[in-house]
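All residue numbers in this chain count up from 1 along the given sequence.
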Amino acid sequence: SPTNRYVIRAKKGLYKVDQAADFIGYPGYPAMIMMKNHIDVVGQGEANTIIWSELPHNDLDVGLSADGGNYDRSRYQTVYNYADDAIMKDLTLIAKNIRYTVHIDNPNGANKTHKYKDVGFIFKGNKGSLTALGIGTAEGEETYIEGGRSVSDTHLPFACHNNIAFTKPSLWSFKGHTFTSIEGKSAIYMQSDGSLL
């Protein structure tokens, strides 16, 4: 709760999953980590605490997720987040050959706030959505990112959309954050975000 916060402290090291059965989270959108309200995940530095999720390159080797779903790789993400007042800090998140590194796209995120500080969002590989931050904002949803970086090997570091006419706008704030696409031509792709334009 807002007055009884929890902090998960991830020590220096590599935390990795590499098979579909290791992905849990929201039904239909398996994730290595599903953020919860008022629960923070804090590492020991962007270069020290690495959270990595990937699927086999061969589509036939993907297998079933933890909920028993036979999903295409484009349904998987390292972090799925629509939690309120939840912070990720001092770590790097890596996705390889799945949907996104961080996926925010759920109506339950309406009027909620997410925060990231000194977090690296990295997408590796050439399968999946190839995007580090894949975002579908909800009404009044706010995300604050300070420091860190978004990197995609072959596509976009950041893509954001929603096709709903909001009565209260969503918000993205980036401070001291770097966007890099190693092979791609663009860093940021913005579609309609509540305006229907």
Checklist entry - Should the pair Tyr26 and Tyr82 be assigned to parallel (<30°), tilted (30 to 60°) or perpendicular (>60°) ring geometry? => result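 Correct class here is perpendicular.
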Checklist entry - Can you list the steps and then say if Ile51 with Ile33 is a side-chain contact (heavy atoms from CB on, under 4.5 Å)? => result CA-CA 9 Å; Ile51 298 172; Ile33 296 172; 3.9 Å; yes
Can you confirm whether the side chains of [X] and [Y] place a donor and an acceptor under 3.5 Å from each other?
| X | Y | result |
| --- | --- | --- |
| Asn126 | His57 | yes |
| Thr167 | Glu139 | yes |
| Ser150 | His177 | yes |
| His161 | Gln191 | no |

Note, [X] side chain near [Y] side chain (heavy atom, < 4.5 Å):
| X | Y | result |
| --- | --- | --- |
| Ile182 | Asp153 | yes |
| His103 | Val79 | no |
| Leu171 | Pro169 | no |
| Tyr6 | His38 | no |
| Lys124 | Ile94 | yes |
| Pro30 | Arg75 | yes |
| Val17 | Ser53 | yes |

Check for a donor-acceptor pair, side chain of [X] on one end and backbone N or O of [Y] on the other, with a separation under 3.5 Å.
| X | Y | answer |
| --- | --- | --- |
| Ser74 | Gly128 | no |
| Arg73 | Lys127 | no |
| Ser1 | Asn4 | yes |
| Gln77 | Tyr29 | yes |

Is there a path from [X] to [Y] through hydrophobic residues (I, L, V, M, F, W, Y) whose side chains come within less than 4.5 Å of each other?
| X | Y | answer |
| --- | --- | --- |
| Leu93 | Met35 | yes |
| Phe179 | Leu156 | no |
| Tyr15 | Met34 | no |
| Tyr80 | Met32 | no |
| Ile50 | Ile98 | no |

Would you find more than 12 non-hydrogen atoms of other residues, nucleotides or ligands less than 6.0 Å from [X] atom [atom1]?
| X | atom1 | answer |
| --- | --- | --- |
| Lys12 | NZ | no |
| Lys115 | NZ | no |
| Lys112 | NZ | yes |

Checklist entry - Of the options Asp40, Asn37, Ile39, which is the one that meets Arg5 in a side chain to side chain contact (heavy atoms under 4.5 Å, CB included)? => result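 Only one option passes, and that is Asp40.
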Next on the checklist: Val102 and side chain to side chain contact (heavy atoms under 4.5 Å, CB included): which single residue from Thr78, Leu133, Ile145 fits?
Outcome noted: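 When side chain to side chain contact (heavy atoms under 4.5 Å, CB included) is applied between Val102 and each of Thr78, Leu133, Ile145, only Leu133 qualifies.
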Approximate separation, where rounding is to 0.5 Å, of [X] [atom1] and [Y] [atom2]:
| X | Y | atom1 | atom2 | answer |
| --- | --- | --- | --- | --- |
| Leu130 | Glu183 | CG | CD | 10.0 Å |
| Thr92 | Glu46 | OG1 | CD | 4.0 Å |
| Leu55 | Arg99 | CG | CZ | 13.0 Å |
| Thr143 | Ile104 | OG1 | CD1 | 4.0 Å |
| Asp59 | Asp72 | CG | CG | 7.0 Å |
| Asp118 | Lys89 | CG | NZ | 7.5 Å |

Shortest non-hydrogen separation from [X] to [Y] and the atoms involved:
| X | Y | value |
| --- | --- | --- |
| Ala21 | Ala66 | O-CB, 3.4 Å |
| Ala10 | Thr49 | O-OG1, 3.3 Å |
| Ala187 | Pro157 | O-CD, 3.0 Å |
| Gly28 | Asp67 | N-OD2, 3.7 Å |
| Cys160 | Trp172 | SG-NE1, 3.7 Å |
| Ala20 | Tyr76 | CB-OH, 3.4 Å |

Item to check | Arg9 vs Val7, side-chain contact (heavy atoms from CB on, under 4.5 Å): CA-CA, chis, key distance, verdict | outcome: CA-CA 6 Å; Arg9 299 196 181 276; Val7 178; 3.9 Å; yes
Please confirm whether the ring centroid of [X] lies under 6.0 Å from the ring centroid of [Y].
| X | Y | value |
| --- | --- | --- |
| Tyr144 | His114 | no |
| Phe121 | Tyr116 | yes |
| Phe158 | Phe174 | yes |

Item to check | side-chain contact (heavy atoms from CB on, under 4.5 Å) between Lys96 and Asp18, intermediate numbers included | outcome: CA-CA 9 Å; Lys96 185 173 181 182; Asp18 57 7; over 6 Å; no
